[in-house]
Amino acid sequence: MAFFFFFFFYCRGFMGQWDAYICLCGPQHAAGGSLFQIGRLSTVELEEEVTADEVKSSEMSEIPHTEKLLSLKYESLDYDNIENQLFLEEERRMSYMGFRCLEISRWVVCGLIGFLTGLIACFIDIAVEKLAGLKYEVIRRNIENFTETGGLSISLILWCGFNAAVVMLGSILVACFEPIAGGSGIPQIKCYLNGVKIPRVVRLKTLVVKVFGVICSVVGGLAVGKEGPMIHSGAVVAAGVSQGRSTSLKRDFKMFEYFRRDTEKRDFVSAGLLQVSRKSTFRFTGGVLFSLEEGASFWNQMLTWRIFFASMISTFTLNFFLSVYHKKPGQLSNPGLINFGRFESEVGPVFMTTVGGVPSLFNFLNYWLTIFRIRYVHRPCLQVMEAMLVAAVTATVSFTMIYFSNDCQPLAPENNEEYPLQLFCADGEYNAMATAFFNTPERSVRSLFHNQPGSYNPLTLGLFTLTYFFLACWTYGLAVSAGVFIPSLLIGAAWGDCAAYCWHLSPPPARLLWADPGKYALIGAAAQLGGIVRMTLSLTVIMVEATGNVTYGLPIMLVLMTAKIVGDYFIEGLYDIHIKLQSVPFLHWEAPATSHWLTAREVMSSPVTCLSRIEKVGTIVDTLSNTSTNHNGFPVVMQVGGNDEPAKLCGLILRSQLIVLLKHKRKLQLKDFRDAYPRFPPIQSIHVSQDERECMMDLSEFMNPTPYTDTSLPRVFKLFRALGLRHLVIVDEENRVIGLVTRKDLARYHLGKHGLEELQLAQT
């Protein structure tokens, strides 16, 4: 009963949001400008429009949300090396052989990352194959029995109940135990590699929930894929292995201690983003380019080779253990999705580039659905119930489409159907609609690419495309571990196949003899996925690797470029949308185009809390304990003139360094700071006696003596983006501190419809 009440209120809340959207587009707002202004509601405006009576009458509590806010809860990572005296002394003492050993250690770590991610991918593949196979076999036998005797409603209840129960388990893991494990994880990893500290994104608990959550999502019949969660899993493995210890398990293996800093950890996490090309023919290059295009904000040539090596090890590990599992140890398994070696090279499908921007509708609908979830479906119990609702509706829609479909195809040996459903078809035939719905999304994609021309009726493909499009859009963003790669490929392959069949059914003068359904499925899949996530270079290589035919590179490149250009005209890519809706201070590749007239002096935060080069311990404790500021970086200054003269800049020291100094209360080595990384204790947990407060602390040895100074905003932007800065100290002509710039000071400026706009800052 509670489930149906939730469904009623869910629909009512969404219609309420849509009514508000229509009102904003009404004549009373015509003078305000364009559709872009819809998302410009501030918290104050929402609170002013909602009266007390409306609050009392509302069944669901609302969290006001607008994309014009920038959250203050996110901190930055220290991707700029702190070149203090301790660091420089260690580097000087290290011999040439020591540096060579460090480089070998980096390759060893990348090999371990590839091996472990391959094992995890193998475990997920086998678990999904066994559990999904068991589910579909039981439901298939049940449907076949009740087809003859009547009572197919029992089969529908069984299907809905199984899906809802499995999805409920996966959603509980995410909503109640580790919310950061929801979704694909790619937006969060992009933010991490961009320099934003996303809490718990690379924890061991996140990995466990991610792995079991994605198994439940796929087995539960949701319109999801497992590639995105695999990428996130690889990033978590990379972050853990590279540190040589587990802070969650409180085990330190005394390995790779040199890599215990944000800069090194970032590079290894980049190496973990390699699971996307797992099912390609060559596999290696696509994963490297995906890590470069979608993930990494900082890159170098040696990192490219190490990621390639990790990708190769991961692919070999996955194929080896899958071949052992399938009892083919003499032959590596090739679970490639596409095999077009039998087709000739033709460029006819290029015309489909004209519709490459259609997936923008997917992003637009998911954008408003995500806002609805942020506002209304924010409690764990509601998130679990929504996931169960989507699972039940997906099963119901699938069953209904199969039940009313009369597309019967002969069951030929070359069709190789996994779970053929006869239903009301004649003996020796199967229901073609069931091939698309009564399967995991990955097997459905494989069926569209490999089955012979004529295996589907155009009406079947059209109905499936329309239905699955909305189901996938509704599913992405649930409190479950789920990816969007395979659903996007499936939708695109379906409407590509449908387009090819429509050409075959056209009159002879307009019929195109080269309209091969397999080629159109390939082009449609590339257009759909590229239009949703806006991948170009890496997706081109991945699709070419999957086909094993380089002659398809040109039409695929044209499709992806068109999809990106047309899609960017309407709305951003799906990952960028979700990053913006989470109010993350994400820095893009370039500063806003009209920001050259601004300088760092105009966007800086002031006044600045500074510390003296030789500072009293009590002053440091009071500064760190001040909850009203909660700064993480402090300029170190030195008084050279009278007390009335501003102090001059000596360097910069971090909160984490000061906490370690206060905790140990002795002369420290660089190893002490690495042992405390990355979970530094809060200042409240450190006891300092009254006598200790009167002691003096020399910060010269620990501060970074070369911070960056004033320049134009675009150059500041490049410094933060390319060098991974966290703080930029602003000084005047005489080297006197006048302000401090952080990423939030830069991220709040962006180019809008009316020129350069400034975001509001919020505590949420």
Side-chain angles (χ1 to χ4, degrees), residues 75-78 80-94 197 243-265 608-639 647 649-707 726-727 729 737 740:
E75 296 296 339
S76 298
L77 294 165
D78 296 302
D80 188 31
N81 283 328
I82 303 172
E83 297 185 352
N84 53 24
Q85 293 183 18
L86 293 179
F87 177 82
L88 295 177
E89 288 174 3
E90 181 185 73
E91 295 293 305
R92 293 191 188 101
R93 288 196 303 265
M94 192 174 296
K197 186 177 182 179
Q243 303 305 291
R245 66 178 177 186
S246 171
T247 52
S248 299
L249 301 177
K250 302 186 186 311
R251 292 292 303 274
D252 191 343
F253 300 99
K254 305 298 181 181
M255 299 169 56
F256 313 129
E257 295 179 349
Y258 184 84
F259 304 142
R260 293 177 184 177
R261 47 183 167 140
D262 289 338
T263 310
E264 296 284 351
K265 192 174 181 180
V608 182
T609 303
C610 299
L611 297 175
S612 299
R613 188 173 60 84
I614 300 177
E615 188 62 87
K616 185 182 293 187
V617 172
T619 303
I620 296 176
V621 173
D622 294 338
T623 302
L624 297 179
S625 302
N626 188 354
T627 57
S628 62
T629 55
N630 198 29
H631 296 311
N632 286 280
F634 303 92
V636 180
V637 297
M638 180 175 57
Q639 198 76 37
L649 177 67
C650 296
L652 182 76
I653 193 164
L654 301 177
R655 169 183 289 266
S656 57
Q657 294 174 291
L658 294 172
I659 286 178
V660 174
L661 289 171
L662 292 173
K663 179 181 178 181
H664 289 276
K665 304 175 184 178
R666 58 176 172 82
K667 184 174 177 61
L668 300 181
Q669 301 296 325
L670 202 56
K671 181 180 182 301
D672 298 310
F673 293 94
R674 289 171 178 162
D675 290 342
Y677 175 84
R679 301 188 191 179
F680 299 99
I683 185 61
Q684 292 78 11
S685 64
I686 298 175
H687 174 72
V688 178
S689 65
Q690 190 62 38
D691 293 337
E692 291 172 336
R693 290 178 61 90
E694 300 300 322
C695 297
M696 304 300 291
M697 181 183 293
D698 189 354
L699 305 179
S700 304
E701 191 177 5
F702 312 102
M703 67 181 184
N704 186 357
T706 55
R726 185 173 184 180
H727 304 92
V729 179
V737 177
L740 186 74

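All figures in this text were calculated on a predicted structure; none of them were measured in a lab.
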**Message:** Please determine whether a side-chain nitrogen of the Lys or Arg among Asp252 and Arg260 lies less than 4.0 Å from a carboxylate oxygen of the Asp or Glu.
**Reply:** yes
**Asked** Got a second to check how far Ile683's CD1 is from Arg655's CZ, nearest 0.5 Å?
**Response** 7.5 Å
**Request:** Take Glu75 and Asn632, measure what side chain to side chain donor-acceptor pair (under 3.5 Å) needs, and give me the verdict at the end.
**Result:** CA-CA 9 Å; Glu75 296 296 339; Asn632 286 280; 2.9 Å; yes
**Item:** Gap separating the CG atom of Leu86 from the NZ atom of Lys671, nearest 0.5 angstrom
**Value:** 14.0 Å
**Asked** Would a distance-only check, ignoring hydrogens and angles, find a side-chain to backbone donor-acceptor pair under 3.5 Å from Arg613 to Asp698?
**Response** no
**Message:** Can a donor-acceptor pair be found, under 3.5 Å and without considering hydrogens, that links the side chain of Thr623 to the backbone of Thr619?
**Reply:** yes
**Asked** So, Glu90 and Arg674, do they make that salt bridge, N to O below 4.0 Å?
**Response** yes
**Geometric class of the Phe256/Phe259 ring pair [parallel <30°, tilted 30-60°, perpendicular >60°]** = parallel
**Item:** Heavy-atom side-chain contact between Ile82 and Phe87 under 4.5 Å
**Value:** no
**Message:** Quick check against the 3.5 Å criterion: does Glu694 have a side-chain atom that pairs as donor or acceptor with the backbone of Asp691?
**Reply:** no
**Candidate pair Met94 and Tyr258, rule side-chain contact (heavy atoms from CB on, under 4.5 Å), full reasoning** = CA-CA 12 Å; Met94 192 174 296; Tyr258 184 84; 4.1 Å; yes
**Asked** Rounded to the nearest 0.5 Å, what separation is found between the CE atom of Met697 and the CD atom of Glu692?
**Response** 9.5 Å
**Prompt:** Does some side-chain heavy atom of Gln85 sit less than 4.5 Å from a side-chain heavy atom of Met703?
**Reply:** no
**Message:** Quick one, Leu624 and Leu662 - any side-chain contact, counting heavy atoms below 4.5 Å?
**Reply:** yes
**Request:** Given salt bridge (Lys or Arg N to Asp or Glu O under 4.0 Å), test Arg92 with Glu89 step by step and report yes or no.
**Result:** CA-CA 5 Å; Arg92 293 191 188 101; Glu89 288 174 3; 5.7 Å; no
**Item:** Minimum side-chain heavy-atom gap Leu661-Leu668 below 4.5 Å
**Value:** yes
**Asked** With no hydrogens and no angle check, do the side chains of Arg251 and Ser246 hold a donor and an acceptor under 3.5 Å apart?
**Response** no
**Message:** For the backbone of Gln669 and the side chain of Asp672, can you confirm whether one donor and one acceptor N or O come within less than 3.5 Å of each other?
**Reply:** yes
**Steps toward side-chain contact (heavy atoms from CB on, under 4.5 Å) verdict (Leu611, Val637)** = CA-CA 6 Å; Leu611 297 175; Val637 297; over 6 Å; no
**Prompt:** Do Glu264 side-chain atoms and Arg261 backbone N/O form a donor-acceptor pair below 3.5 Å?
**Reply:** no
**Message:** I need the Asn704 CG to Arg726 CZ distance, nearest 0.5 Å.
**Reply:** 13.0 Å
**Message:** Measuring from atom CG of Leu740 to atom CZ of Phe634, what distance do you get when rounded to the nearest 0.5 angstrom?
**Reply:** 10.0 Å
**Prompt:** Backbone N or O of Glu615 within a donor-acceptor pair of the Ser612 side chain at under 3.5 Å?
**Reply:** no
**Request:** Take Asp262 and Lys197, measure what salt bridge (Lys or Arg N to Asp or Glu O under 4.0 Å) needs, and give me the verdict at the end.
**Result:** CA-CA 10 Å; Asp262 289 338; Lys197 186 177 182 179; over 6 Å; no
**Prompt:** Is any side-chain heavy atom of His664 closer than 4.5 Å to a side-chain heavy atom of Phe673?
**Reply:** no
**Message:** The test is side-chain contact (heavy atoms from CB on, under 4.5 Å); show your working for Ile620 and Val688 and say whether it passes.
**Reply:** CA-CA 11 Å; Ile620 296 176; Val688 178; over 6 Å; no
**Message:** Show the nearest heavy-atom pair for residues Gly633 and His727, with the distance to one decimal.
**Reply:** N-NE2, 3.4 Å
**Asked** Just wondering, do Arg679 and Ser248 contact through their side chains at under 4.5 Å, heavy atoms?
**Response** yes
**Asked** Should Asn84 and Ile653 count as side-chain neighbours, where that means a heavy-atom distance under 4.5 Å?
**Response** no
**Request:** Specify the closest pair of heavy atoms between Leu652 and Pro635, including all atoms of both residues, with the distance to one decimal.
**Result:** CD1-N, 3.6 Å
**Request:** To the nearest 0.5 angstrom, please state how far the CD1 atom of Ile614 sits from the CD atom of Gln639.
**Result:** 13.0 Å
**Request:** Please tell me if the side chains of Arg693 and Val621 come closer than 4.5 Å, counting only heavy atoms from C-beta onward.
**Result:** yes
